[in-house]
Number of protein chains: 2
Amino acid sequence: MGIAERKERDKEELRERILIAAKALFLEKGVEKTSIRNIADLIEYSPGSIYHYFKDKNEIFHALHQGGFQQLMSRMEVLAPVQNPMERLKKMGAIYVEFALQNPDMYDLMFIKEAPMAHVSSSNDEEWKEGFGTFNFLRATIKECIQVGHFQNHDEEALSFLVWSTVHGMVSLHIRRRCEVVLAQRQSTIVKDGLNEFFSILDRLSQ
Amino acid sequence: MGIAERKERDKEELRERILIAAKALFLEKGVEKTSIRNIADLIEYSPGSIYHYFKDKNEIFHALHQGGFQQLMSRMEVLAPVQNPMERLKKMGAIYVEFALQNPDMYDLMFIKEAPMAHVSSSNDEEWKEGFGTFNFLRATIKECIQVGHFQNHDEEALSFLVWSTVHGMVSLHIRRRCEVVLAQRQSTIVKDGLNEFFSILDRLSQ
DNA sequence: CCTACTAATTAAACAGTGTTCAATTATATT
DNA sequence: AATATAATTGAACACTGTTTAATTAGTAGG
């Protein structure tokens, strides 16, 4: 009975090879400019065979961005010992921005690009909904902040979304090159500066 | 000498017809799915002739989004009589979000899509830099707020960027369908709710 | 060992894309 | 009317994602 299992492993291995090739190409050229034929060339298979492992191109990149969520989530683990929720909230923001700036293409895929699964019955995409533990983590932290007395009269859900939007807005404007409107001498540091402004606003709100 | 001028007008007119066709198709199908051949079909010219009026596809959509900036800017005109800068700031945010939600495809083109001019010497794109008067308007309003005593110890430039990022973040997460992570029953109103949270934070900061 | 059967792989084709270019048509100037 | 200039075209190029029929490889049963 070991044969079927070995075949299973082989199949899984090739699937992984496709993903690795796709990731390498996408980090180098972006999603749009990475073609099925490019990937096929790299792993020395024919273009058609890729369709035995993935339904279409979207599925490849959807599989890829899952890895991104795990990366981001694992970065958040250092926050576990931080007791003060306000402190934790700020550090979360810093980690989020740092991840985005260090992995702009992956961030782009995860949060900016048109969702690969938009056309599918979006309820199908349970991984995104449930799997996006980072937002749940953010919500839980905000909840704690409220319980401790900060953000009085604020709504947990809406405030969580607002905080997420703030950091997402900064990094996505940066990644998509919309920061040219800020003063030239500030452009290189504007995301960091903006984040610090955000922190000092949080500080002012929490006293 | 009227002939040369008439030809000039004719040329300008066809250029305009291309833009109108492109806009119609793009609002209906999006940029990626609007092809040069589609546009050519609509105006009943050959695909090749379009290249006598625009360098490439990017230039068409770059020309289109200029119109979007004018639209957005003209919406801001109602703010001129608002004396209180804090009041004006909030209304600016509301107008910005409203514009984005009412014209998601145009907003996408203007602020989310990969900048069409990224590869060109970006200094070439003076329209974007100078022409984006909305950010200058925001900066001026923030400056007034600071002068009046709000946002003490804050940096004008960074704070302007932060405020822009906040509204941009909310609408772009919404437009690019990343709001599925928020509670299902809140999804339809989350941008509005987030904006209100933002307003109440501004209120708390300005006293 | 040979035959079946299944699964993996392929080349070729389809319909589309942005873009270029030589040839053609239309227009205006002399 | 002939010439120069500009606009327009169809065809071609090199791509794209995807499908499919045919081929090859690998396994299971007799």
Side-chain angles (χ1 to χ4, degrees), chain A residues 1-19 21-23 25-26 28-64 109 113-120, chain B residues 1-19 21-23 25-26 28-64 109 113-120:
Chain A
M1 286 294 154
I3 295 167
E5 285 155 19
R6 195 218 59 204
K7 286 186 84 173
E8 193 67 30
R9 276 206 314 277
D10 282 3
K11 184 154 184 175
E12 191 52 45
E13 194 197 304
L14 186 48
R15 207 187 122 96
E16 207 56 41
R17 286 222 293 143
I18 292 172
L19 248 33
K23 185 168 181 178
L25 288 170
F26 133 77
E28 168 188 339
K29 318 197 296 178
V31 172
E32 272 72 36
K33 304 209 160 181
T34 298
S35 73
I36 299 288
R37 284 172 181 82
N38 291 160
I39 300 170
D41 281 355
L42 205 56
I43 60 169
E44 294 177 296
Y45 274 75
S46 77
S49 49
I50 288 178
Y51 288 83
H52 281 251
Y53 298 86
F54 295 94
K55 188 180 130 284
D56 56 19
K57 190 180 173 181
N58 275 338
E59 203 171 274
I60 298 175
F61 289 100
H62 184 257
L64 264 188
L109 189 61
K113 284 223 142 60
E114 313 219 42
M117 57 294 191
H119 59 292
V120 199
Chain B
M1 287 295 154
I3 294 169
E5 286 154 16
R6 194 219 60 204
K7 286 186 84 173
E8 193 68 29
R9 277 205 314 277
D10 282 4
K11 185 156 184 174
E12 191 53 44
E13 194 197 303
L14 186 48
R15 208 186 121 98
E16 206 56 42
R17 286 221 293 143
I18 292 172
L19 284 176
K23 184 167 182 178
L25 288 170
F26 133 76
E28 168 188 339
K29 317 197 295 177
V31 172
E32 271 71 36
K33 304 210 158 181
T34 297
S35 73
I36 300 287
R37 285 172 180 82
N38 291 159
I39 299 170
D41 281 354
L42 204 56
I43 60 169
E44 294 178 294
Y45 274 75
S46 77
S49 49
I50 288 179
Y51 288 83
H52 281 249
Y53 297 86
F54 295 94
K55 187 179 130 286
D56 55 19
K57 191 181 172 180
N58 275 338
E59 202 172 273
I60 298 175
F61 289 100
H62 184 257
L64 264 189
L109 189 61
K113 283 222 142 60
E114 312 219 41
M117 56 292 191
H119 59 291
V120 200

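In what follows, every heavy atom counts, from backbone to side chain, and hydrogens, waters and symmetry copies are set aside. Lettering of chains follows the sequences in order, A, B, ..., and the numbering in each one begins at 1.
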List the steps, then state whether side-chain contact (heavy atoms from CB on, under 4.5 Å) holds for A:Phe54 with A:Leu19. CA-CA 10 Å; A:Phe54 295 94; A:Leu19 248 33; 3.2 Å; yes

Taking [atom1] from [X] and [atom2] from [N], how many angstroms apart are they, rounded to a whole number?
| X | N | atom1 | atom2 | value |
| --- | --- | --- | --- | --- |
| A:Glu32 | D:dT16 | CD | C1' | 12 Å |
| A:Leu25 | D:dT16 | CG | C1' | 15 Å |
| A:His52 | D:dA25 | NE2 | P | 16 Å |
| B:Tyr51 | C:dT17 | OH | P | 11 Å |
| A:Lys55 | D:dT19 | NZ | C1' | 14 Å |
| B:Ile36 | C:dA15 | CD1 | P | 22 Å |
| A:Lys33 | D:dG17 | NZ | C1' | 17 Å |
| A:Tyr45 | D:dT24 | OH | C1' | 13 Å |

Presence of [X] side-chain N/O under 4.0 Å of [N] phosphate oxygens OP1/OP2:
| X | N | answer |
| --- | --- | --- |
| A:Lys57 | D:dT18 | no |
| B:Ser35 | C:dT17 | yes |
| A:Tyr53 | C:dT9 | yes |
| A:Ser46 | C:dT9 | no |

Kindly indicate whether the side chain of B:Arg37 and the base of C:dG18 share any N or O donor-acceptor pair separated by less than 3.5 Å?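 Between C:dG18 and B:Arg37, which were checked side chain against base, a qualifying N/O pair under 3.5 Å is present.
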
Which one, C:dT9, C:dT17, D:dA7, comes nearest to the side chain of B:Asn38?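 Among C:dT9, C:dT17, D:dA7, the one nearest the side chain of B:Asn38 is C:dT17.
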
Name the closest nucleotide to the A:Lys11 side chain, picking from C:dG18, D:dT9, C:dA8. C:dA8

Test log, rule side-chain contact (heavy atoms from CB on, under 4.5 Å), inputs A:Lys113 and A:Glu32: CA-CA 10 Å; A:Lys113 284 223 142 60; A:Glu32 272 72 36; 3.4 Å; yes

Classify B:Ile60 by what it touches in the nucleic acid, base, sugar-phosphate, or nothing, heavy-atom distance under 4.0 Å.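 No contact.
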
What nucleic acid atoms does B:Ile39 come within less than 4.0 Å of, heavy atoms only: base, sugar-phosphate, or nothing? nothing

Quick check against the 3.5 Å criterion: does A:Asp41 have a side-chain atom that pairs as donor or acceptor with the backbone of A:Asn38?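 Absent.
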
Quick one: does any side-chain atom of B:Lys55 pair with a main-chain N or O of B:Glu59 as donor and acceptor, under 3.5 Å?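 No; zero donor-acceptor contacts below 3.5 Å.
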
Rounded distance [0.5 Å steps], OG1 in B:Thr34 versus CD1 in B:Ile60: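 The CD1 atom of B:Ile60 is 10.0 Å from OG1 of B:Thr34, to the nearest 0.5 Å.
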
